[in-house]
Amino acid sequence: MKVFSSPAVKKALDEVIAVCQQESGISVEAVFEPTSQLLKRIDAGESFDVMIAVTESFRTLTPVIDPSTLTPIARAGIGVAVAPDVPAPDISTVESFVRTITAARSVAYSGTGASGAYFATLLDKLGLTEDVGASATIVDKGYVAQAVVTGNADVAIQQLSELLFVPQAQIVGPLPAELQHYTDFSAAVSAQSSDPAQAESFANFLTSTTAQGAYVQTMLELPTTPAH
């Protein structure tokens, strides 16, 4: 069974898939890419059985998925990371966060993911597109926090659950509440799944107590909209 998934839930899903395979015997092949890239794969005709992606993206996939299986599974907030050997900056308020990113030699953010799209609009809203955006390090592939480990940037901005994938980086914490942005993720079964019953069984497992525990442990939050 092929699963398309956003990398924002990868750390949790690695554990969830392992447990599901052990308990059910379902063999899972997972493809982790930003939602925008997964949509390109689908447009190119690539098949899948279950998709886990930004909830809003499913609006354009009605012919491709079974809408009755669309289920909220988790949401991700955005956080800040710095190099391991520097003092953690103050990002507790809007003012201190702005001071931190304007003082940075370069701020790294995703060029393809939901967190990067939001951060670009946030810079514009704060009037910092020129001051911060001009020297930004835009990461089109991989985990943004790697840029602070290699020294290409002083500050990394990405979903908290993805910052975890670079253990050498120091996670400072979430954006200030007034600036925080959550991305909701849902799962759905493909309308052309090779085994719809098996795919739906896996999709249901994504809302199990086991799965929810994995989400929380990997800095994801449970959805505000309950599963159907």
Side-chain angles (χ1 to χ4, degrees), residues 1-21 23-78 110 112-118 121 158-162 180-228:
M1 182 178 64
K2 184 187 285 187
V3 175
F4 277 0
S5 177
S6 162
V9 299
K10 184 181 188 304
K11 206 163 188 68
L13 206 60
D14 284 343
E15 179 183 336
V16 171
I17 288 174
V19 173
C20 185
Q21 289 184 145
E23 292 185 358
S24 67
I26 296 173
S27 178
V28 178
E29 174 196 349
V31 175
F32 293 100
E33 288 193 4
T35 296
S36 59
Q37 301 304 309
L38 294 175
L39 293 176
K40 288 180 181 178
R41 282 176 174 256
I42 292 170
D43 287 342
E46 190 168 342
S47 62
F48 66 96
D49 294 291
V50 176
M51 182 167 176
I52 302 161
V54 176
T55 302
E56 290 179 359
S57 68
F58 287 103
R59 293 178 185 172
T60 62
L61 293 175
T62 306
V64 181
I65 64 162
D66 177 354
S68 69
T69 64
L70 184 61
T71 306
I73 62 165
R75 68 176 191 165
I78 297 172
S110 173
T112 56
S115 63
Y118 170 72
T121 62
Q158 198 170 26
Q159 283 157 343
L160 286 158
S161 59
E162 294 189 72
Q180 184 57 271
H181 174 77
Y182 289 97
T183 301
D184 295 304
F185 294 93
S186 293
V189 174
S190 169
Q192 287 83 39
S193 173
S194 57
D195 190 334
Q198 188 180 75
E200 190 157 357
S201 174
F202 177 76
N204 288 338
F205 191 75
L206 295 174
T207 60
S208 66
T209 303
T210 298
Q212 289 178 340
Y215 302 146
V216 172
Q217 287 174 3
T218 55
M219 302 186 86
L220 292 163
E221 297 184 14
L222 299 184
T224 52
T225 304
H228 65 256

What are the two closest heavy atoms between [X] and [Y], and how far apart are they?
X: Phe58; Y: Ala53; value: CE1-O, 3.7 Å
X: Met1; Y: Ile26; value: CE-CG2, 3.6 Å
X: Leu160; Y: Ile78; value: CG-C, 4.1 Å
X: Phe202; Y: Cys20; value: CD1-SG, 3.6 Å
X: Val64; Y: Gln192; value: O-OE1, 3.7 Å
X: Ser110; Y: Gln158; value: CB-NE2, 4.4 Å

Test item: [X] and [Y] side chains (from C-beta on) under 4.5 Å apart, heavy atoms:
X: Phe32; Y: Leu13; result: yes
X: Thr183; Y: Ser115; result: no
X: Tyr215; Y: Leu206; result: yes
X: Leu39; Y: Leu61; result: yes

| query | Between Gln37 and Thr112, is any side-chain donor less than 3.5 angstrom from a side-chain acceptor? | reply | no
Roughly how far apart are [X] [atom1] and [Y] [atom2], rounded to 0.5 Å?
X: Thr218; Y: Gln159; atom1: OG1; atom2: CD; answer: 11.5 Å
X: Arg41; Y: Met51; atom1: CZ; atom2: CE; answer: 11.0 Å
X: Ser186; Y: Ile65; atom1: OG; atom2: CD1; answer: 9.0 Å
X: Asp66; Y: Glu200; atom1: CG; atom2: CD; answer: 7.0 Å
X: Arg75; Y: His181; atom1: CZ; atom2: NE2; answer: 10.5 Å
X: Gln212; Y: Leu222; atom1: CD; atom2: CG; answer: 5.0 Å

Can a donor-acceptor pair be found, under 3.5 Å and without considering hydrogens, that links the side chain of [X] to the backbone of [Y]?
X: Thr71; Y: Thr69; value: yes
X: Ser6; Y: Thr35; value: no
X: Ser193; Y: Ala199; value: no
X: Asp49; Y: Val3; value: no

ask   = Going through the checks in order, is the side chain to side chain contact (heavy atoms under 4.5 Å, CB included) test met by Val9 and Ser161?
value = CA-CA 7 Å; Val9 299; Ser161 59; 6.0 Å; no
Carboxylate-amine/guanidinium proximity below 4.0 Å for Glu33 and Lys40: no
Applying ring-ring contact (aromatic ring centres under 6.0 Å, His included) to Phe185 and not counting sequence neighbours gives none
**OP:** Give a yes or no on whether Glu56 atom CD has more than 12 heavy-atom contacts from other residues, nucleotides or ligands under 6.0 Å away.
**Re:**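 No - once you tally the heavy atoms of other residues, nucleotides and ligands closer than 6.0 Å, there are 12 at most.
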Working note: Phe4 + Ile42, criterion side chain to side chain contact (heavy atoms under 4.5 Å, CB included); need CA distance, chi angles, decisive distance, verdict. CA-CA 10 Å; Phe4 277 0; Ile42 292 170; 3.9 Å; yes
